[in-house]
Amino acid sequence: MRKTFALLLCMILVASSIAIGGLAEEKTKITFWTITSDNMEPFLAGGFEARFEAAYPQYDLVVEIIPGTAADFETQYNAAKMSGMTPDVAYLTLTSFASLGTRGEFIALDDYINAWDSKDDILEASLNMGKTGESFSGIGCAPAPVLLMYRTDMFEAAGLDPDKPPTNWEELADYAEKLTIKDAQGNVTQAGLDIPSIDYFLNICEPFMLMNGATVVDEVNRTPMLTEPEVIETLEYLYNIYSKRVTLPHDWQKVETIPFMNGIGAMGFQGPDRYYKLLKDNPDLEGKVRMAPPISKIKPATFCGYRLLTVSVNSQIPDAAWDLIDFYMSPDEMAQRVDLDVIPVRKSLEASYVERYPDYGQFVVEAVSVGKGAFVVPWVATLYKYFGPAYESIMQGLKTPAEAMEEAQRGLLGEIS
Amino acid sequence: MGGRVQGCLERGRFLINAGGLGVLRMTKQKSIHVDKVAYLMIAPYYIFLILFILLPIVINAALSFTDYNLNTMHFVGLANYSRMLRDPILQRSVLNTFLYTIITLTLTVGLGLMVSILITKTGKLISTIRTVVFMPYVISMASASMIWLWIYEPGYGLLNSIITLFGGTAKDWVYDINLALGCVVAVTVWKFLGYNMVIYTAGLMNIPGQLYEAAMIDGANAWVQFVHVTLPMLRPTTFFLMVTGFINNFNVFEQVKILTNGGPVNSTTTIMHQIYNRGFIDYQFGYAAAITMILMIVVSIITALNFRYGSRGQDLDLS
């Protein structure tokens, strides 16, 4: 009797396990990878997963934040591809999108976007940002512009009017010198302007070249144009400021090395996400940090990166992946991100950002309108590979801008042609 | 002829020529016993070796003749290998790697020996000093590099703070083309010094005291004892540290990636850093595989040379 009872109990337990397992299997698992971002992390921590699963009970969302830089994200994505484990949905930078998207790593979203109720409410620039050729391989969900930020207290201490930030190249160079403080030995104790020593093409070089009217890269014909006179002139300008030691050496990709972010720099080019982080980490700076409208020479320009959402070409559940994108882009979710200083890409929410951030919201919107992201060419990483050492050799005083760019152009053409 | 033993197989018979004294014929009466359990016990290691070491080497070798970019793959013959000869960045990385390896190995082995001798003579403080010097070894290289990134920081870093405190001129450290490689070397030396010290200390403790007593009776001073007793007796330890140190240093990557990412102006890029960049940044996996093959061959040759010429004197019999 006991044996029969025990056997029966075992059978019930096994049957229950199978039933529970069966129920669990009914949920479709969606994997979602995101780059590290100062405002994405608090957004995810604020219950995004739970809200999505409540709205779509049939899905099980697994979010993974990939640590490191955008390049590290790509590395991990490639490693995942080699092991057949790419995420269904990825939230990535425009640079990663350019190199992965042009290699056909993402599915075409045309059918989904064309049938999407929200399509008309999404900014055209955001939609177009996700195009590779004529097809949509992703959707731009958050602009990431870079603006000149400055410390009002340091401006006042240097006798400059905080209400009149520099607007052109001459003023920028002049302010940089005035804001720099050196000790008796000539050591910089306060940097006037952040100019990276280690190349980060995107935030400084590209926008300054565009301000000067350079093409830099002919995206249509996929040709680099690093020897343009406007490119050379821009690098001469940057070297002239750098050589006056108005800055402290740093790497723009390593936030902990940036003078402005460390409170020892008066002016720096940063994005709203870093502004958000700066004030969160240093509440005493509230009211002392401001943003300026885009600097101009021939025309105003700035770097405006984008964060995009994509669906992997290996995803077995593209419809579910699109449901996640649709939810992420919904007005309610986007409105929540405005509180974290994320610029909305819905026309209906555009005004809310300016209202929420009256001090600088308008400048950010302006920066987005004149901003340009990474060049969308398949060899964008190779461009950085040759431009980086060339830029560094200029800043180290080893080569003239003309010599360095000649060499970079030759090396780049040799590799991509 | 005496003592020479020659064996050969001939029609199922095993012939032993014992010093020309005659031929002993042994008929193979039963087959060699095969211990299946023993084979089973060592199988995991060999499976691991085949799957995770030999097979990847074969795959890598095959990839090195292609232009594999994660999506497409075509046979390109020796194109990747010939490209290495005209790739200035790779050539720079080879030079940097050799420089880095020679300097780092010299410093870690040399300083390791010096510190171990010093602490064995400091008596009571031996364990404290050993712990302090060894501590960096247990920190991961990524963490150690982050710590040093802060120490090298030109604006508020520890080094420049000390220099400026004494009225000196601040340096750009990892951002200076002339100092960057030295900065990377310093981190490695700081981290691995303790390990070398511990190994050398163990070696020193194994040197029989009577050798020093005999040397003293013969009138040898401390320096002569060091040169003629300590160094020869530590030869196996030095050999071990040189071989393992060479392989580790030649594969340097983490500290380069975190501290300098190969810059400025490629002054700190290394072969492993180039393999990573070509493979995972440029998607040129065929080219990266070709560099890996050459790296493997170079490391194998230098390790073999080390074994050939560095292992002499390991057969000292003090019994």
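To find a chain, count down the sequence lines: A is the first, B the second, and so on, and within it residues start at 1.
- Residue A:Ser393 comes nearest to B:Val265 through the heavy atom pair N-CG2, 3.5 Å, listed as atom of the first residue, atom of the second, then distance.
- With a threshold of 4.5 angstrom between heavy atoms, A:Ser197 approaches chain B through side-chain atoms but not through N, CA, C or O.
- Under the 4.5 Å side-chain criterion, counting only non-hydrogen atoms from C-beta, B:Tyr175 is not in contact with A:Met395.
- Between the side chain of A:Asn187 and the main chain of B:Lys171, no donor-acceptor pair closer than 3.5 Å is present.
- Highest contact tally toward chain A, considering only B:Gly263, B:Gly167, B:Pro88, is held by B:Gly167 [criterion: heavy-atom pairs under 4.5 Å].
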Step by step, work out the side chain to side chain contact (heavy atoms under 4.5 Å, CB included) result for A:Asp72 and B:Lys257. CA-CA 11 Å; A:Asp72 295 328; B:Lys257 176 79 180 139; 4.0 Å; yes
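- One finds no salt bridge joining A:Lys254 and B:Glu153 here, because no Lys/Arg side-chain nitrogen approaches an Asp/Glu carboxylate oxygen to under 4.0 Å.
- Both the backbone and the side chain of A:Pro249 have a heavy atom closer than 4.5 Å to some heavy atom of chain B.
- Rounded to the nearest 0.5 Å, atoms CD (A:Glu415) and CG (B:Asp87) are 7.5 Å apart.
- A:Trp379 is not listed as a side-chain neighbour of B:Asp282, based on a closest heavy-atom distance of 4.5 Å or more.
- Proximity to chain A is limited to the backbone of B:Asn69, based on heavy atoms less than 4.5 angstrom apart.
- When the shell of 6.0 Å around OH of B:Tyr46 is examined, it contains 12 or fewer heavy atoms from other residues, nucleotides or ligands.
- With a 4.5 Å cut-off on non-hydrogen atoms, A:Glu105 touches chain B through its side chain but not through its backbone.
- Between the side chain of A:Asn262 and the main chain of B:Tyr156, no donor-acceptor pair closer than 3.5 Å is present.
- Counting heavy-atom pairs closer than 4.5 Å to chain B, the top-ranked of the candidates A:Gln190, A:Glu256, A:Gln76 is A:Glu256.
- With a 4.5 angstrom heavy-atom cutoff, B:Arg92 does not touch chain A via any of its atoms.
- You'll find the side chain of B:Tyr283 reaches within 4.5 Å of the side chain of A:Ser99, heavy atoms only.
- Looking at B:Leu149, the atoms closer than 4.5 Å to chain A (heavy atoms on both sides) all sit in the side chain, from C-beta outward.
- Note: B:Asn261 CG to A:Asp251 CG = 7.5 Å, rounded to the nearest 0.5 Å.
- Comparing A:Gln185, A:Glu74, A:Glu392, A:Arg103 by how many heavy-atom pairs each has under 4.5 Å with chain B, the most go to A:Arg103.
- B:Ile89 places a side-chain heavy atom less than 4.5 Å from the side chain of A:Lys385.
- In the displayed structure, B:Met293 atom CE is contacted under 6.0 Å by more than 12 heavy atoms of other residues, nucleotides or ligands.
- Heavy atoms only, all atoms of each residue included: A:Arg245 and B:Asp172 are closest at NH2-OD1, 3.5 Å.
- In this structure, the side chains of A:Met82 and B:Leu70 come closer than 4.5 Å at one or more pairs of heavy atoms.
- For a residue to count as touching a neighbouring chain, one of its non-hydrogen atoms must lie under 4.5 Å from one of that chain's; by this rule B:Thr72 does not touch chain A.
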